[in-house]
Amino acid sequence: MLNLNAVLKKHFGFDAFREGQKEIIEDLVNGRDVIAMLPTGGGKSLCYQLPGYILEGAVVIISPLLALMEDQVAQLKMNGEKRAVALNSFLSFDEKKSALYHLPEYRFIFLSPESLKHERVLNALNKIHISLFVVDEAHCISQWGHDFRPDYSLIGQARGKLNKAPCLAMTATATKEVLKDIHLSLHMTDPIRHVYSVNRPNISIMVSEARGLEDKLNQLSELVGRLEGPGLIYCGGRQWSEKAVSYLKEKGFKRIAFYHGGMENEQRMLIQQQFINGQLELVCCTNAFGMGVNKNNIRYVIHFHIPARMDAYMQEIGRAGRDGLPAIAITLYDPEDVQLPLFMIEKEFPARDELQAYLSSKEIDPSFKLEIEETHERFILHHAEKLKSENWEVKVDQIWKKIQERQQNKTEKLWNMIKWYSTETCRRSGILAHFGEKSDSPSFTRFCCDSCGMDIEAYYGQTKASSGYETAEGWKNELKMMFKVSEPIVQKTK
DNA sequence: CGCGGTCGCTCTACAGCGACCGCGGTGCCGTAGT
């Protein structure tokens with residue numbers, strides 16, 4: 001029997017596995033497909049890196065962001081592993097050509113789902129022996145694969161064209177529906193699920209009703225003034241993230257910056273690094289900020305606008321309190337705010353006449369290209385490809401049906417979120433129910449949520465008392481007693 | 001749909017109002033002879 005602990009010590013220098021890691025690795029080494037839902041910061045990358053040193057061949061990792069791939073490669077190289085490469089658009093043509101030629105020499109190969117569809121890449125991958133096929137941040141399959149980045153939904157198909165290898169899908173947040181989506185989309189064979197609770201007992205959850213912009217801004221500056229940082233503020237739009245920063249700066253707060261997808265890459269990397277290193281106390285951002293932000297001492301996450309779905313909300317608040325110390329998530333909820341996500345769901349897809357105009361113009365003159373939004377075009381082309389034997393009118397009907405289906409699906413998720421904001425029962429139980437977990441095991445306290453009687457004033461007092469890190473251990477112990485975090489709820493199926 | 005910015009009106013007034021318009025999230029990706 002293989003001694004995994006010895007391999008762990010030899011290659012990573014650790015004496016013991018973290019929770020779940022060993023079981024996941026054992027299943028993979030035994031050739032099984034695995035879906036792993038591990039809490040953030042649970043040491044997910046080890047789950048594919050270690051098998052890379054046991055199994056014959058290369059580990060292929062599908063990653064959603066260039067920055068994440070680069071990060072992982074840099075980390076591996078820092079650990080002395082030179083046989084790691086990221087095959088992406090950062091490489092020049094010559095570099096890419098060379099990397100593909102030398103592919104058999106690599107042990108860890110990182111790819112985007114988009115590059116996985118190119119013949120050249122597939123051919124090169126087919127010439128090597130793949131020991132393990134990994135999809136990192138696998139919830140993206142469900143979150144993006146249906147519309148925003150359809151290539152995410154083609155990973156399973158690509159996998160079928162490659163040498164058969166066990167498949168590992170990893171994420172921190174997934175509902176039952178998302179887990180099923182991952183399973184089916186990746187064409188996994190009877191996968192073993194290692195699913196841990198999404199509950200984060202050290203994060204208190206609050207929803208504060210706000211009426212109108214002025215009320216919201218007042219509440220915001222009060223919170224920022226009294227809460228211990230570092231903190232994150234999630235806004236619904238790019239301009240909002242910038243405006244929130246100017247407002248708070250005007251109020252005298254310092255070390256704040258904004259972050260959104262419209263900024264230059266270099267600037268984005270700078271802000272992220274400054275925040276991680278503690279030079280920035282507060283970042284106002286859109287949902288672009290998050291994945292790959294490895295910072296364990298975020299003390300609060302404020303939602304200035306509501307997220308559109310529960311799993312997105314959990315991912316966002318889950319960035320707080322990774323050190324296990326008390327943290328708080330507060331949403332400033334104005335019932336009027338539902339209009340923004342509603343509008344976005346509408347706008348995300350082409351309208352019926354746009355769809356019709358696009359497909360009919362292609363029918364009349366294939367060389368003519370009707371200018372429509374890039375995401376709309378990609379959605380149409382992706383689905384038209386599946387219907388390529390049909391005539392254009394059938395395509396219009398079928399794709400329109402698909403659009404309505406997607407919009408309905410997204411709107412439903414939004415209303416579920418709204419329902420959760422409006423209820424007066426325990427918020428944590430509501431979240432756990434949403435993820436299909438029973439909520440009887442966690443011992444809820446007055447620090448649970450506003451519905452459980454949590455008082456923000458008491459919270460201010462507690463965290464102020466424990467400001468600095470001298471008392472960190474004391475708090476950790478108190479929390480363990482309060483929440484029994486030493487006995488995590490593990491729901492392991494199969 | 002709501003917000004904010006701009007325009008134009010008033011007509012002693014150049015500040016203040018209403019009408020109107022534009023905007024609103026997430027990110028990959030090309031090229032062939034070593």
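Below, each value reflects all heavy atoms present in this structure, side chains not excepted, and no hydrogens, waters or symmetry copies. Each chain gets a letter, A, B and so on, in the order its sequence line appears, and its residues count up from 1. Nothing here was measured: the structure is a model prediction, and the numbers come from that model.
Here the nucleotide nearest the side chain of A/His260, chosen from B/dC28, B/dG2, B/dT26, is B/dT26. Here the side chain of A/Thr375 is nearest to one of B/dG27, B/dG2, B/dA32, namely B/dG27. Closest contact between the side chain of A/Asn88 and the listed nucleotides B/dG4, B/dC29, B/dA32 involves B/dC29. Distance from the side chain of A/Ser112 is smallest to B/dC28 among B/dG27, B/dC28, B/dG25. Closest contact between the side chain of A/Lys243 and the listed nucleotides B/dG4, B/dA32, B/dT26 involves B/dG4. Side-chain atoms of A/Ala288 lie closest to B/dG27 of the nucleotides B/dG27, B/dA32, B/dC28.
The side chain of A/Thr286 contributes an N or O atom lying less than 4.0 Å from OP1 or OP2 of B/dT26. For B/dG30, one of the phosphate oxygens OP1 or OP2 lies less than 4.0 angstrom from a side-chain nitrogen or oxygen of A/His118. Applying the 4.0 Å criterion to OP1 and OP2 of B/dG30, one finds that A/Ser89 has every side-chain N and O outside that range. Side-chain N/O atoms of A/Arg238 include none lying less than 4.0 angstrom from OP1 or OP2 on B/dC23.
Pairing for B/dG30 is absent, with no Watson-Crick or G-U wobble pair whose two atom distances lie under 3.5 Å. If you check B/dC21 for Watson-Crick or wobble pairing at under 3.5 angstrom, you find it paired to B/dG4. The partner of B/dA13 cannot be assigned: no Watson-Crick or G-U wobble pair with both contacts below 3.5 Å exists in any strand.
Between A/Glu385 and A/Lys388, at least one side-chain nitrogen of the basic residue sits less than 4.0 Å from a carboxylate oxygen of the acidic one, meeting the salt-bridge criterion.
Straight-line distance from the CG atom of A/Asp147 to the C1' atom of B/dG27: 13 Å, rounded to whole Å. The distance from atom NZ of A/Lys216 to atom P of B/dG4 is 11 Å, rounded to the nearest whole Å. Taking atom CG on A/Leu66 and atom P on B/dC28, their separation rounds to 4 Å, with Å as the unit. Between the CZ atom of A/Phe343 and the C1' atom of B/dC3 there is a distance of 12 Å, rounded to whole Å. When the P atom of B/dA32 is taken as reference, atom CD of A/Glu119 falls 14 Å away, rounded to whole Å. In this structure, CG of A/Asn265 is placed 12 Å from P of B/dT26, rounded to the nearest angstrom. The NZ atom of A/Lys413 sits 22 Å away from the P atom of B/dG25 (whole-angstrom rounding). In this structure, CZ of A/Arg268 is placed 7 Å from P of B/dT26, rounded to the nearest angstrom.
Only the C1' atoms considered, B/dC14 is 10 Å distant from B/dT10, to the nearest whole Å. Between the P atoms of B/dG33 and B/dC29, the separation comes to 22 Å (whole Å). As rounded to the nearest Å, B/dG5 and B/dG25 have P atoms that lie 16 Å from one another.
Across all their heavy atoms, A/Ser89 and A/Leu66 have their closest contact at OG-CD1, 3.9 Å. The minimum heavy-atom distance between A/Trp240 and A/Cys235, with the atom names listed, is CB-CB, 3.8 Å.
Counting heavy atoms from C-beta on, the side chains of A/Val394 and A/Asp397 never come closer than 4.5 Å.
Geometric assessment of A/Lys216 against the ring of A/Phe304 yields a positive cation-pi assignment under the 6.0 Å and 45° thresholds.
Between A/Asn287 and A/Asp334, it is A/Asp334 whose nearest contact on DNA chain B lies nearer the 5' terminus. Between A/Gly212 and A/Gly262, the residue anchored nearer the 5' end of DNA chain B, judged by the nucleotide with its closest heavy atom, is A/Gly212.
Among the heavy atoms of the strands, none lies under 4.0 Å from A/Lys347. Base contact: A/Arg378 has a heavy atom under 4.0 Å from a base atom. Within 4.0 Å (heavy atoms only), A/Asp151 reaches no atom of the nucleic acid at all. Residue-level contact check: A/Tyr101 touches the backbone only, with heavy atoms under 4.0 Å from sugar-phosphate atoms and none from bases. Residue A/Lys117 is out of contact with every strand shown, counting any heavy-atom pair closer than 4.0 Å. Residue A/Leu65 is in sugar-phosphate contact alone, with no base atom involved, counting any heavy-atom pair closer than 4.0 Å across all strands shown. Across all strands, A/Glu374 comes closer than 4.0 Å to base atoms (heavy-atom distances). Among the heavy atoms of the strands, none lies under 4.0 Å from A/Gln143.
A donor-acceptor pair under 3.5 Å is absent between the side-chain atoms of A/Arg299 and the main chain of A/Gly231, judged by distance alone.
With centroids closer than 5.5 Å and planes inclined by less than 30 degrees as the test, A/Trp144 and the base of B/dT26 fail to qualify as a stacked pair.
Proximity of the aromatic rings of A/His260 and A/Phe258 is defined here by a centroid distance below 6.0 angstrom, and this criterion is met.
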Open item on the list: Is there a ring pair (Phe, Tyr, Trp, His ring centres under 6.0 Å) between A/His383 and A/Phe379? Walk through the geometry before answering.
Closed with: CA-CA 6 Å; A/His383 289 284; A/Phe379 184 91; 4.5 Å; yes
